[in-house]
Protein chains: 2
Amino acid sequence: MPSTRDDLVAAAADLLEEGGPGAVTLREVGARAGVSRSAPYRHFAGKEDLLAAVAARGLRDRHAARMRRRAASPAEAVRADLLYFVRGALAHPALFRLTFGPWTVESPELADAAATSRAALVDLVIAAQADGALPAGDPDRVTALLTAVAHGACQLALSGHLSRAGKGHAAPADLVDDLLGHLGGQPADR
Amino acid sequence: MPSTRDDLVAAAADLLEEGGPGAVTLREVGARAGVSRSAPYRHFAGKEDLLAAVAARGLRDRHAARMRRRAASPAEAVRADLLYFVRGALAHPALFRLTFGPWTVESPELADAAATSRAALVDLVIAAQADGALPAGDPDRVTALLTAVAHGACQLALSGHLSRAGKGHAAPADLVDDLLGHLGGQPADR
DNA sequence: ACCTGAACACCGTTCAAGT
DNA sequence: ACCTGAACACCGTTCAAGT
């Protein structure tokens, strides 16, 4: 049985998905959750705090998918994780922008979800380094490089700064594979 | 003598810089430009169109700095350009987020500025490839990889997803150099 | 403990009217 | 050709009052 708080987060996530950030108003969130427009203030400090809960839910979902996954090798696990992130960002641009947007509120829930997600990817990178599939060096830093490519490629693609009229249209997933190829020596298969 | 249109763009850019996106209201923009709050509608289709002009101005400024620069080698020119971008994004986060944010309006001015900036970087990459300082392959794609890392590193740093409590704190500029090192074989000097 | 409903301050946008 | 000023619809947030 979902609590009113859960209902509010779900309603906000649905509105964000359906109509973008402009569609997320506390009036509509309240209406979808079956409460008034001031009810959210009994559960969240304000609108941004509610949005932080939406972002945290997204990060937790991604982490759950990662834990569910079975890969043939650590290198493939890293690649699958990055490509899953890219697919999610392109499919849900508003959630992607929200999650890594400009927060002016401190949300332990969001910070925890982000830290858990990042730590899990670092573990995969460490295993891939042990296999020689990724270069040696500070695992945090190698992870940051991989994450930066995935994030930047999605940001450029979503804002239209990646595609070009003529040839050479590279999708975000291609750029992730390019980097992995340059880092690992062996280009990723298929 | 700046036109009213230029005054409006300058006022919006100043407000964005000083107080973030929430501080850019047409009322305040108009007041700073010495006109009423409805005057901007004689020069722009709406608020977003005005913001597109602000973003385009930023891209043109970056391009002007690039043209002014003298580098020891094509590889150094590419590196300097990426590091200049990173420095600008971290120093002016609101402008960075605006420029590569979710546009729902078609602005030829912004599209032109972005295309010009991208093409210039591709030229630098081509020259660096000819020197063997960057791997061969579609220059558009190599440029996209470099740009993605710079953008992603800035996005992660600004949203606090890059730093970590303990060790291994990598700044965006470090990740750019890491990538160039992996791509070029020779790590960038100093 | 949780919610309502009215109220407040603020915003983007429109438009008839001015010069 | 460019601008004004009032108006409209909408929003986040607060708060006294209810159960």
Side-chain angles (χ1 to χ4, degrees), chain A residues 1-56 94-95 97-99 101-107 109-110, chain B residues 1-56 94-95 97-99 101-107 109-110:
Chain A
M1 51 173 61
S3 65
T4 299
R5 197 193 129 104
D6 295 335
D7 288 341
L8 291 168
V9 174
D14 290 347
L15 286 166
L16 185 69
E17 175 73 21
E18 294 168 19
V24 186
T25 67
L26 289 184
R27 282 158 168 82
E28 189 61 25
V29 167
R32 291 223 183 179
V35 294
S36 76
R37 61 170 151 280
S38 57
Y41 290 90
R42 297 329 125 187
H43 302 271
F44 302 95
K47 183 181 184 179
E48 203 183 353
D49 196 46
L50 166 63
L51 292 176
V54 172
L95 182 59
R97 286 191 211 270
L98 172 72
T99 304
W103 296 104
T104 67
V105 68
E106 288 289 325
S107 166
E109 185 185 1
L110 178 54
Chain B
M1 52 173 63
S3 65
T4 300
R5 198 193 128 103
D6 294 335
D7 288 341
L8 290 168
V9 173
D14 289 347
L15 286 166
L16 185 69
E17 175 72 22
E18 295 168 18
V24 186
T25 69
L26 290 184
R27 282 158 168 81
E28 189 61 25
V29 168
R32 291 222 183 179
V35 293
S36 76
R37 61 170 151 278
S38 56
Y41 289 91
R42 297 329 126 188
H43 302 272
F44 301 95
K47 182 180 183 179
E48 202 182 353
D49 197 46
L50 166 63
L51 292 176
V54 172
L95 180 60
R97 286 191 212 270
L98 171 74
T99 303
W103 297 103
T104 68
V105 70
E106 287 289 324
S107 166
E109 185 186 1
L110 178 55

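Because the structure is predicted, anything quoted here is derived from the model rather than measured. Below, read A as the first sequence line, B as the second, and so on, with proteins coming before strands; counting in each chain starts at 1.
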I'd like to know if the side chain of A/Asp6 and the backbone of A/Pro2 have a donor-acceptor N/O pair within less than 3.5 Å. no

Any side-chain to backbone donor/acceptor pair from B/Glu48 onto B/Thr104? Under 3.5 Å, distance only. yes

Counting C-beta onward and ignoring hydrogens, is there a side-chain heavy-atom pair between A/Leu26 and A/Leu50 closer than 4.5 Å? yes

Below 4.0 Å from chain A heavy atoms, what is the first contacting nucleotide of DNA chain D and what is the last? D/dC11 to D/dC15

Checking all strands, does B/Val29 fall into the base, sugar-phosphate, or nothing category for heavy-atom contacts under 4.0 angstrom? nothing

Pick base, sugar-phosphate or nothing for B/Thr25, based on heavy-atom distances below 4.0 Å to the nucleic acid. sugar-phosphate

B/Glu18 atom CD, over 12 foreign heavy atoms within 6.0 Å: yes

Rounded at 0.5 Å granularity, tell me how far [atom1] in [X] sits from [atom2] in [Y].
| X | Y | atom1 | atom2 | answer |
| --- | --- | --- | --- | --- |
| A/Phe44 | A/Asp49 | CZ | CG | 6.5 Å |
| A/His43 | A/Leu8 | NE2 | CG | 6.0 Å |
| B/Asp14 | B/Arg32 | CG | CZ | 6.0 Å |

When you look at B/Thr4 and B/Asp7, which way does the side chain to side chain donor-acceptor pair (under 3.5 Å) test go after all the steps? CA-CA 5 Å; B/Thr4 300; B/Asp7 288 341; 5.2 Å; no

Enumerate, in order of first residue number, the stems that involve DNA chain C, defined as 3 or more consecutive Watson-Crick or G-U wobble pairs with both distances under 3.5 Å. C:4-8 with D:12-16, C:12-16 with D:4-8

Assign each of A/Arg42 and A/Gly22 to its nearest nucleotide of DNA chain D by heavy atoms, then name whichever residue's nucleotide is nearer the 5' end. A/Gly22

Heavy-atom nearest nucleotide on DNA chain D for B/His43 versus A/Arg27: which residue maps closer to 5'? B/His43

